[in-house]
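Contents: one structure, followed by commentary.
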Number of protein chains: 2
Amino acid sequence: MPTIKYYLREGLLPAGVLTSPNQAHYDDEHVRRLRLVRALVDVGGLSIASVREVLAAIDTRDESLHSKLGAVQEAISQPSSVELDPLAIEDVQGFFERQGETECVDVTESNVTHMLAAALSVARSIGHDHFRDLLDPYLEGLKIIAQADVDYIARRGSRDDVIEAMVVGTLIGDTVLKAVRRLAHAQVSRDVIGDAPLPPPS
Amino acid sequence: MPTIKYYLREGLLPAGVLTSPNQAHYDDEHVRRLRLVRALVDVGGLSIASVREVLAAIDTRDESLHSKLGAVQEAISQPSSVELDPLAIEDVQGFFERQGETECVDVTESNVTHMLAAALSVARSIGHDHFRDLLDPYLEGLKIIAQADVDYIARRGSRDDVIEAMVVGTLIGDTVLKAVRRLAHAQVSRDVIGDAPLPPPS
DNA sequence: GGATAGTAGAGAGTGCCGCTATCCATTCAG
DNA sequence: CTGAATGGATAGCGGCACTCTCTACTATCC
């Protein structure tokens, strides 16, 4: 309960309607918003500041659905402080070109491409120069997944539901994907490798 | 540089060989380990304590490759404090049954299944009761991705490289997947939705 | 009417985590 | 011999997500 007061102070929850100077009324919309905040923090792992940004992106009106998705994506993808490897940037640009993107891409323009370049930079820094080879198969699998995501969002009716489903579907979806990916690894490991011993030490 | 001393103290890096009482020698293996630690922290978002667990799992010998993967997975999937919704647990069990798992699954047994159940619990708590419908398409896409992951690991030669590739491929792969998924969303959004306005407010 | 309990609002305090700064003894270079 | 540098250990710091406390007020029960 003190946490709620804290969230109110931080502007994550709208103030209730004061029925008297010491009595505020909160309706279902407040509860829904609180649950959303908790979901972003618990499952999405977002900081309070990021949650504020996400909520701001959600609450901003007068945008097309496409630009709304962009705003939400920026808000839920906070950039890391990793410095980018030029080779990793090339990896990302090559990936875009293979996808038919002809114009030059500035990876620092969006948090999402920055995240991708940062991950590949770190991979390179520990000797995994060919991690970029995974991008194409990843995209292939993700086409199926993204299609399911879009279908999931599309069956929402109201504007608020669509936007919320974007946020929830992306963030909770990330966690679900993580978990199912590990399960898939375990299954492949069981089927292919079984109890075979490890290769001998170097 | 003070950070390295800190990591040494925390047992994340092995002590160097003392050539004299105030001179320690660190070789390439130390540098490699340091880079790995930074990767786990920066990209994987792991806490120092989790990193210690991961390193312990890596360094433990005398295990089969399959059980090693299990140990690594447990270490990199720290459980959240979300309380599980019984319905979400059923969702997970149903998913396993559809995958041909006949025996009853205890989701609290592994951090991975716990993560999945927790994510579905949070989804339910904010009214997304049918998020579980995404599990099957997710798995379908992830089969392609997991296959690429396994191929990536399989081309490593030495035992240490295989284990490191497990950790790196899983954690950096998570981040890469996240980024590429957002890109796929944006692409679908551009193609399907374009600049169509949002549906009218509720 | 008076005691009790509860609430809003705001500021200060707390606990944890990931470093960072300081100190000292030693030791090696010049 | 002097000065810079290193290893090892201890203490301190800054940020973040709360949590506690205090005050002023009110609503309710007796």
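Throughout, a chain's letter reflects where its sequence line sits, starting with A, and its residues are numbered from 1.
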Under the ring pair (Phe, Tyr, Trp, His ring centres under 6.0 Å) test, residues paired with A:Tyr26 that sit two or more places apart: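 So A:Tyr26 forms a ring pair (Phe, Tyr, Trp, His ring centres under 6.0 Å) with A:His30.
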Residues forming a ring pair (Phe, Tyr, Trp, His ring centres under 6.0 Å) with B:Tyr138, sequence neighbours excluded: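 None.
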Sugar-phosphate or base contact per nucleotide [nucleotides 11-22 of chain C; S, B, -; heavy atom under 4.0 Å]: BB-----BBBB-
Pair listing, ring pair (Phe, Tyr, Trp, His ring centres under 6.0 Å) test, anchored in residues 141-167 of chain A, at least two apart: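 Pairs touching residues 141-167 of chain A that pass the test: A:Tyr152-B:His128, A:Tyr152-B:Phe131.
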Take atom [atom1] of [X] and atom [atom2] of [N], then tell me their distance rounded to the nearest Å.
X	N	atom1	atom2	answer
A:Ile4	C:dA10	CD1	P	17 Å
A:Leu13	D:dA17	CG	P	15 Å
A:Gln78	D:dC16	CD	P	12 Å

Counterpart residues, side chain to side chain contact (heavy atoms under 4.5 Å, CB included), relative to B:Asp136 (two or more places apart):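 B:Asp136: side chain to side chain contact (heavy atoms under 4.5 Å, CB included) contacts with B:Phe95, B:Arg98, B:Gln99.
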Donor-acceptor list for residues 78-87 of chain B side chains, cut-off 3.5 Å, not counting sequence neighbours:
{"from": "B:Asp85", "atom 1": "OD1", "to": "B:Leu87", "atom 2": "N", "distance (Å)": "2.8"}

